[in-house]
Amino acid sequence: MKKLLTVMFCSAFALNGWSQKVIRNYGFEWFDVGGKLISWVPQNTKGQYQILPSLTGHSGVGSILITPKPEAPAERGNGLCNTILAQQMVSGKKTIRITGFIKTEGLANGTASIWMQLNGIGSIIADKNSDDQSAQGNSDWKQYSIELPISGNVQSVVFGCKMSGTGKAWFDDFEVLIDGEPVRESFKQ
């Protein structure tokens, strides 16, 4: 029994230390043992987009590619890849700025953009995207930036990359600045 309690205590301590490690993965370089991108969640509003890791990176070796499925109908919805910041990251802060690099190939009838959403309890407080800056056709890597003020009732910040339309869009090298200070790739909470 004493051995069992010791093993349980050590396991709980090890898991607690591991669970505090936050990997931001802003450059889309890190994958888990199953090959899934760490800290990012693909979202496909109508199931008509492929959201894939790519070796076409702005820096490093990786990026995210969003492109419609070959058989996608005209009404495709949006392909997104999202991540989140918890309330403790923004509590008492004034502004949040998200930047990211986007490259396009044959983009038409839609946009490739970065976006963010500030969430309260059961409601969206504010949201913003870079749709109005979106390139069309073929474009090389370009940095896009959006910023929002942070109110006291923000519970989380969700942000990421978004594509609608046809063609291809690559996303890489996100940066998050809270009150002008960068949120690092990985840290201990």
Open item on the list: Taking Met89 as the starting point, is it possible to reach Tyr26 by hopping between hydrophobic residues whose side chains are less than 4.5 Å apart?
Closed with: yes
Task: Heavy-atom pair with the smallest gap, counting every atom of Tyr144 and Gln133 - done: CE2-O, 3.3 Å
Task: Nearest-0.5 Å distance that lies between atom CG in Asn44 and atom SG in Cys81 - done: 11.0 Å
Open item on the list: Taking side-chain contact (heavy atoms from CB on, under 4.5 Å) as the criterion, tell me which of Val157, Thr95, Leu118 meets it with Leu148.
Closed with: Leu118
Task: Donor-acceptor pair, side chain of Asn25 and main chain of Ile38, under 3.5 angstrom - done: yes
Open item on the list: Run the side-chain contact (heavy atoms from CB on, under 4.5 Å) test on Ile178 and Val90 for me, step by step, so that the C-alpha distance in whole Å, both residues' side-chain angles and the decisive distance to 0.1 Å come before the verdict.
Closed with: CA-CA 7 Å; Ile178 299 175; Val90 296; 4.0 Å; yes
Open item on the list: Is a donor from one side chain sitting under 3.5 angstrom from an acceptor on the other, for Thr104 and Ser139?
Closed with: yes
Open item on the list: With heavy-atom distances below 4.5 Å as the criterion, would you say the side chains of Met116 and Ile146 are in contact?
Closed with: yes
Open item on the list: Less than 4.5 Å apart, side chain to side chain, heavy atoms only: is that true for Leu52 and Ile66?
Closed with: no
TODO: Please tell me if the side chains of Ile98 and Phe174 come closer than 4.5 Å, counting only heavy atoms from C-beta onward.
DONE: yes
Task: Donor-acceptor pair, side chain of Thr83 and main chain of Ser39, under 3.5 angstrom - done: yes
Task: Any Ser63 side-chain heavy atom under 4.5 Å of Phe171 side chain - done: no
TODO: Return the minimal non-hydrogen interatomic distance between Gly120 and Gln155, and the atom names on each side.
DONE: C-CG, 3.7 Å
- [ ] Let me see the working for Ile96 and Leu85 under side-chain contact (heavy atoms from CB on, under 4.5 Å), right down to the final yes or no.
- [x] CA-CA 11 Å; Ile96 181 166; Leu85 296 173; 3.8 Å; yes
- [ ] Considering non-hydrogen atoms only, spot the tightest contact between Arg24 and Val183 and give its length.
- [x] NE-CG1, 3.9 Å
- [ ] Find out whether Asn119 and Ile125 are in side-chain contact, i.e. whether some heavy atom of one side chain is under 4.5 Å from a heavy atom of the other.
- [x] no
Which atom pairs, one a donor and one an acceptor, fall under 3.5 Å between side chains of residues 105-113 and the rest of the protein, sequence neighbours left out?
unit_1: Thr111; atom_1: OG1; unit_2: Asp131; atom_2: OD1; d: 3.3
unit_1: Ser113; atom_1: OG; unit_2: Asp131; atom_2: OD1; d: 2.5

Open item on the list: Measuring from atom CG of Leu65 to atom CG of Leu55, what distance do you get when rounded to the nearest 0.5 angstrom?
Closed with: 11.0 Å
Open item on the list: Can you give me the closest heavy-atom contact between Asn153 and Ser151, atom names plus distance?
Closed with: OD1-OG, 2.5 Å
Task: Intermediate values then yes/no, side-chain contact (heavy atoms from CB on, under 4.5 Å), Met163 and Asn78 - done: CA-CA 6 Å; Met163 183 193 166; Asn78 293 299; over 6 Å; no
- [ ] To the nearest 0.5 Å, tell me how far Phe101 CZ sits from Asp173 CG.
- [x] 6.0 Å
TODO: For Lys69 and Gly47, indicate whether the former's side chain and the latter's backbone hold a donor-acceptor pair under 3.5 Å.
DONE: yes
TODO: Answer yes or no: is there a donor N or O on one side and an acceptor on the other, between the side chain of Ser156 and the main chain of Ala86, under 3.5 Å?
DONE: no
Open item on the list: Are the side chains of Arg76 and Ser164 in contact, using a 4.5 Å heavy-atom criterion?
Closed with: no
TODO: Would you check if Lys103 and His58 make a side-chain contact, meaning some heavy-atom pair closer than 4.5 Å?
DONE: no
Open item on the list: Please check: side-chain N/O of Glu29 versus main-chain N/O of Val61, any donor-acceptor pairing under 3.5 Å?
Closed with: yes
TODO: Have a look at Leu80 and tell me which of Trp40, Trp115, Tyr49 forms a side-chain contact (heavy atoms from CB on, under 4.5 Å) with it.
DONE: Trp115
Open item on the list: Before you tell me yes or no, could you show the steps for Ile102 and Ile114 under side-chain contact (heavy atoms from CB on, under 4.5 Å), namely the whole-Å CA-CA distance, both residues' side-chain angles and the distance that decides it to 0.1 Å?
Closed with: CA-CA 8 Å; Ile102 304 173; Ile114 61 172; 4.2 Å; yes
Open item on the list: Does any part of the side chain of Trp170, heavy atoms only, come nearer than 4.5 Å to the side chain of Trp141, both counted from C-beta?
Closed with: yes
TODO: Please check if the side chain of Asn82 supplies one atom and the backbone of Gly160 the other of a donor-acceptor pair under 3.5 Å.
DONE: no
Task: Side-chain (Ser145) to main-chain (Thr99) donor-acceptor, under 3.5 angstrom - done: no
- [ ] Verify, without hydrogens or angle tests, whether Thr67 (side chain) and Gln50 (backbone) share a donor-acceptor contact under 3.5 angstrom.
- [x] no
Open item on the list: Can you give me the closest heavy-atom contact between Ile51 and Ile64, atom names plus distance?
Closed with: CG2-CG2, 4.1 Å
- [ ] Provide the full list of salt bridge (Lys or Arg N to Asp or Glu O under 4.0 Å) pairs with a residue in residues 78-102, sequence neighbours left out, each pair given once.
- [x] Arg97-Glu147
